[in-house]
2 protein chains.
Amino acid sequence: MHKKIMHIFVIQFRLMKNSQLYKGSLNTIIMKLLEEQGRMYGYEITQKVKEITKGELNITEGALYPALHKLEAEGLLDVEVEKVDNRLRKYYKLTEKGTTETVNRLAELEEFIKNMQTIVNPKLSY
Amino acid sequence: MHKKIMHIFVIQFRLMKNSQLYKGSLNTIIMKLLEEQGRMYGYEITQKVKEITKGELNITEGALYPALHKLEAEGLLDVEVEKVDNRLRKYYKLTEKGTTETVNRLAELEEFIKNMQTIVNPKLSY
DNA sequence: TTCTTATGCATAACATTCTTAAGTATTTTT
DNA sequence: AAAAATACTTAAGAATGTTATGCATAAGAA
């Protein structure tokens, strides 16, 4: 019983960490990971992000899957369905267009980070 | 005529720079500036951000004013109305609660930036 | 062996944040 | 005199994400 309650708290704690700041960065994260890893499936992406951020960022399925579908619809991703251990996996990879676009988005992200650091810490920015 | 068309392009260019990445960071930006400057009015905030980011980030009025109203409603900001040159100005400053909350949000922002950098540039993060 | 957790994907309802656009009003610049 | 800048407001809609639910199989714990 105690164990169950504690587990609920742990889940709560993790979700609370997802502040509004991450809003808008999911697409860039997905594309960067695909650029780096070649190809990945949805669930794998959630685990990878959790690992990289030491559990601080948990991408929810309700955000991830629609995002992947949209990127595919925009021609930025290609998908290949595979059956592993009798379970479906949808592997995504960048198209040529997606690779080009990834460069742009990463540049935007760098600018964003730079601007935010300038705002937060004006002393350090010169 | 040429001048007018060019002006339209300039406006377009600037707005295009506002990528989705900034979504969710407006409150933190406002609070940080108020912590630093003591008190500011809305229009002043838009100009300050434009100046700091060298024109890369333009806070729209449709986002700013509702955000200020909400922060005030949450008890994080106090407002004082003043008339300068026959025009209204609403000066905002952090409440005690707002000052405390600003510390938390800045910490969250630092974590966010760190996580994003780790994702974008995994080599540099150890 | 049965219940739970993990793996794997999908989507609908709702919340939040922001863009776009329109409105009001005064002052300064062209 | 017209346009741009200053200064604030708010409504409609877009974009993004959370929460919740559903389905299905595999692996692990009780």
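Each chain gets a letter, A, B and so on, in the order its sequence line appears, and its residues count up from 1. A quick note: this is a predicted structure, and the numbers were derived from the prediction, not measured.
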Would you mind classifying the nucleic acid contact of [X] as base, sugar-phosphate or nothing, using non-hydrogen atoms under 4.0 angstrom?
X: B/Glu61; value: base
X: B/Gly42; value: sugar-phosphate
X: B/Thr46; value: nothing
X: A/Gly62; value: base

Expressed in angstrom and rounded to an integer, what is the separation of [X] atom [atom1] from [N] atom [atom2]?
X: B/Tyr22; N: D/dA14; atom1: OH; atom2: P; result: 25 Å
X: A/Leu26; N: D/dG17; atom1: CG; atom2: P; result: 5 Å
X: A/Tyr43; N: C/dA10; atom1: OH; atom2: C1'; result: 16 Å
X: A/Leu21; N: C/dT16; atom1: CG; atom2: C1'; result: 13 Å
X: A/Lys83; N: C/dG8; atom1: NZ; atom2: C1'; result: 12 Å
X: A/Glu82; N: C/dG8; atom1: CD; atom2: P; result: 12 Å
X: B/Gln47; N: D/dA7; atom1: CD; atom2: C1'; result: 11 Å
X: B/Asn58; N: D/dA5; atom1: CG; atom2: P; result: 12 Å

query = Do the non-hydrogen side-chain atoms of A/Glu101 and A/Met31 ever get within less than 4.5 Å of each other?
reply = yes
Are OP1 or OP2 of [N] and a side-chain N or O of [X] less than 4.0 angstrom apart?
X: B/Thr60; N: C/dT19; result: yes
X: B/Tyr41; N: D/dA7; result: yes
X: B/Arg87; N: D/dA7; result: yes

query = Which of these nucleotides, C/dT11, D/dT9, C/dT26, is closest to any side-chain atom of B/His69?
reply =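 Side chain of B/His69 sits closest to D/dT9.
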note = Testing C/dC18, C/dA10, C/dT11 for proximity to the side chain of B/Ala63, the answer is C/dC18
ask   = Going from CZ on A/Phe112 to CE on B/Met116, what distance comes out if it is rounded to the nearest 0.5 angstrom?
value =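 Answer for the CZ-CE pair, A/Phe112 versus B/Met116, is 7.5 Å.
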query = Do B/Asp78 and B/Tyr91 have side-chain N/O donor and acceptor atoms under 3.5 Å apart?
reply = no
query = Take atom CD in B/Glu82; do more than 12 heavy atoms of anything else shown fall under 6.0 Å from it?
reply =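 Correct, the count exceeds 12.
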